[in-house]
Amino acid sequence: MNLSDYIRILVRRGWIMLVLAVLAAGTAYYLSSQQAEVYRATQVVLLQPSRIDLGLTEASRGIIENNVQYINSSLRASEVINRLNLDMEPRALLGNATIVPNRNNLTVQIQVDYYDPGVAMAIAEQWGNLLIEYRNQENAEARREDRVDAILQDEARAALDRPRPEISGLAGGVLGFIVGLGAVLLLEFIESSVVRSRDDVERYLEMTVLASIPD
C-alpha cells in the first residue's frame, strides 16, 4: 500500500478511530471521577551517625535494612493503630504502607495511602516515630561515639494519589484510538478482495482498464 491508499482509508474510516477514542476517553474519565479519593502521605526519617566517620557511615548503611525490617511488620502496624485509635486490621494498614530505604543518603521513606489526608499524615509520622524509638533503644546499649540517631527530616506531607481523571481519560483516548485503528485495518483486510470500481481493478491487477460494461 502506498501513501494514497492510507489517506483513502483515513478519509473513509477515520471517523471510527475518532469515535472510539472519544468514547473510551469519556468512559475512562467518568469512571475515574467516580472513584473514592485516596491520599498518599510521605514521611522521611534520616539516620544520623554521631560523628563524621567513614566506618560509622558504612555501618549506618549496613543497619538501614535491618531497621526497615523492624518497622515494616504487622506488629509495628498494630502499634500505630493503637496509638491513633484506628478502626482497621494491622495487615490492612501494612498493605497501604510502603517503606523504602535509601542507603546513599541514609534515609527511610514511609508512604501511607488513606482516604483521609490528615489520618494518612498521622500514620506516616507515627511510623517514623517507631523507628526513632527503636534507634534510641539500640543507642542505649552503644557507646556515644558509635550511636546512629534517627530524626524526622520534615513534617509529613500528603497529596492526592488517585483517582486522576485527566490521566485516565487521556490513557483511555489513546487506547480507544489504537483499538479503532485495529478495527479499521481489520475491515480493510476483510474487504481487500472486494472490487467496487475500476480503480480497484487497476490497483489490484496493476493493469489499465480500457472499457467496462454498464449495469
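Because only heavy atoms are used, hydrogens play no part in the values below, and waters and symmetry mates are left out as well, while side chains stay in. For clarity, every value in this text was computed on a predicted model and none was experimentally measured.
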task: Group every Ile, Leu, Val, Met, Phe, Trp and Tyr by side-chain heavy-atom contacts under 4.5 Å, then state whether Trp15 and Leu185 land in the same group.
output: yes
- prompt: Would you call Val108 and Ile64 a side-chain contact if the rule is heavy atoms closer than 4.5 Å?
  reply: yes
Side-chain heavy-atom pair Leu93, Ile123 within 4.5 angstrom cut-off: yes
query: More than 12 heavy atoms of other residues, nucleotides or ligands under 6.0 Å from CD of Gln35: is that the case?
result: yes
query: Are the side chain of Ser50 and the backbone of Arg147 linked by a donor-acceptor contact shorter than 3.5 Å?
result: yes
query: To the nearest 0.5 Å, what is the distance between OG (Ser60) and CG (Asp149)?
result: 9.5 Å
message: Could you check whether atom CD of Glu155 has more than 12 heavy atoms from other residues, nucleotides or ligands sitting under 6.0 Å from it?
response: no
field: Backbone of Tyr29 reached by a side-chain donor or acceptor of Ser32 within 3.5 Å
entry: no
query: So, does Thr27 use its side chain to make a donor-acceptor pair with the main chain of Leu23 at under 3.5 Å?
result: yes
Distance, nearest 0.5 Å, that separates CD of Glu166 from CG of Leu170: 10.0 Å
task: Name all pairs fulfilling the side chain to side chain donor-acceptor pair (under 3.5 Å) condition that reach into residues 96-107, sequence neighbours left out, sorted by first residue then second.
output: Asn105-Thr107
task: Look up atom OG1 in Thr42 and atom CG in Asp161, then write down how far apart they are to the nearest 0.5 Å.
output: 9.0 Å
field: Student check: side-chain heavy atoms of Asp113 and Tyr39 closer than 4.5 Å
entry: no
- line: To the nearest 0.5 Å, atom CE of Met121 lies from atom CG of Asp116 at 8.5 Å
message: Tell me the closest heavy-atom pair linking Arg76 and Trp127, and the distance in Å.
response: CB-NE1, 3.9 Å
field: Validation row: Arg61, Leu106 side chains within 4.5 angstrom (heavy atoms)
entry: yes
Donor-acceptor list for residues 174-182 side chains, cut-off 3.5 Å, not counting sequence neighbours:
none

message: Less than 4.5 Å apart, side chain to side chain, heavy atoms only: is that true for Ser168 and Leu31?
response: no
field: Any donor-acceptor N/O pair, Asn67 side chain to Ile63 backbone, under 3.5 Å
entry: yes
- request: Any chance you could measure Leu131, atom CG, to Tyr70, atom OH, to the nearest 0.5 Å?
  value: 9.0 Å
message: With a 3.5 Å distance limit and no angle check, can you tell me whether Glu133 reaches the backbone of Gly128 through a side-chain donor-acceptor pair?
response: no
- prompt: Just wondering, more than 12 heavy atoms not from Arg51 lying within 6.0 Å of its CZ?
  reply: yes
- prompt: Do Asn139 side-chain atoms and Val148 backbone N/O form a donor-acceptor pair below 3.5 Å?
  reply: yes
Those residues that, when tested against Ala120, pass side-chain contact (heavy atoms from CB on, under 4.5 Å) (two or more places apart): Ala41, Tyr114
- line: One should read off an interatomic distance between Gln43 CD and Gln111 CD, to the nearest 0.5 angstrom, of 11.5 Å
query: Hey, is Arg91 close enough to Glu89 for a salt bridge, meaning N to O under 4.0 Å?
result: no
field: Shortest non-hydrogen separation from Pro101 to Val68 and the atoms involved
entry: CB-CG2, 3.7 Å
Contact check, side chains of Ile167 and Arg162, non-hydrogen atoms, under 4.5 Å: no
